[in-house]
Amino acid sequence: YIRIAGQYYGWIDKQYCLRKTPYAKGTVTTDLHLRANAGTQYKSIAIMKGGTVVDICDVKNASDGKPWDYVIYAGQYGFCSARYIK
């Protein structure tokens with residue numbers, strides 16, 4: 001159940017909602033693109049250097065079924081392959 005624009009209420013399936021509050025920290029293991037959505041076909045919005053610590057907020061599977069972490073990096077939310085986060 002959500003509120004939109006402070007006045008409208010309705011139900012939305014959980015699969016379309018991403019948690020914005022970090023639940024863990026992770027370290028980027030190599031230089032890695034931060035993307036607009038889960039998958040390499042989406043626009044890169046930043047490149048995170050290996051060794052960078054990020055806040056992990058959620059996980060979403062790409063169309064191929066592989067997990068991508070939804071993270072906060074330099075004040076931006078985006079996706080990166082969970083394979084490269086420890």
Side-chain angles (χ1 to χ4, degrees):
Y1 193 71
I2 62 170
R3 185 171 87 180
I4 302 168
Q7 59 184 343
Y8 303 104
Y9 294 87
W11 294 97
I12 188 167
D13 191 307
K14 185 179 182 223
Q15 71 176 333
Y16 300 110
C17 298
L18 291 168
R19 185 177 23 227
K20 296 261 186 181
T21 304
Y23 70 86
K25 291 200 178 284
T27 302
V28 177
T29 61
T30 187
D31 290 358
L32 184 63
H33 288 273
L34 182 70
R35 296 192 179 272
N37 207 339
T40 58
Q41 71 271 30
Y42 294 100
K43 177 184 170 185
S44 175
I45 53 180
I47 296 178
M48 302 178 291
K49 295 289 183 191
T52 300
V53 176
V54 295
D55 290 316
I56 302 171
C57 298
D58 215 332
V59 177
K60 178 179 179 180
N61 287 341
S63 58
D64 62 4
K66 293 180 181 172
W68 284 62
D69 287 328
Y70 185 58
V71 304
I72 303 171
Y73 169 73
Q76 298 182 84
Y77 288 89
F79 294 87
C80 57
S81 174
R83 178 178 172 189
Y84 301 104
I85 304 289
K86 283 199 158 227

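Residue numbers count from 1 along this sequence. For clarity, every value in this text was computed on a predicted model and none was experimentally measured.
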- Message: Could you report the tightest heavy-atom contact between T52 and Y73, atom names first, then the distance?
- Response: CG2-CE1, 3.7 Å
Mind listing the side-chain donor-acceptor pairs of residues 75-86 below 3.5 Å, one per line with the distance, residues two or more places apart or on another chain?
from: Y77; atom 1: OH; to: K20; atom 2: O; distance (Å): 3.1
from: S81; atom 1: OG; to: R83; atom 2: N; distance (Å): 3.3

- V59-V28 co-clustered via ILVMFWY side chain contacts under 4.5 Å: yes
- Message: Once salt bridge (charged side-chain N to carboxylate O under 4.0 Å, His left out) is applied, do any residues pair with K66, and if so which ones, sequence neighbours excluded?
- Response: none
- Can you get from L34 to Y70 by hopping between Ile, Leu, Val, Met, Phe, Trp and Tyr side chains that sit under 4.5 Å apart? no
- Query: What are the two closest heavy atoms between A38 and A62, and how far apart are they?
  - Reply: O-CB, 3.5 Å
- Name all residues meeting the side chain to side chain contact (heavy atoms under 4.5 Å, CB included) criterion together with D55; count only those two or more places apart in sequence or in a different chain, and write none if there are none. P22, K25, I72
- Measuring from K60:NZ to D69:CG, what's the distance to the nearest 0.5 Å? 13.0 Å
- Item | Rounded distance (nearest 0.5 Å) linking atom NZ of K43 with atom CG of N37 | 13.0 Å
- Task: Measure across H33 and M48 and return the closest heavy-atom pair with its distance rounded to 0.1 Å.
- Result: O-CE, 4.2 Å
- Indicate if Y23 and W68 have the same hydrophobic cluster label, given that clusters are the connected sets of ILVMFWY residues with side-chain heavy-atom separations under 4.5 angstrom. no
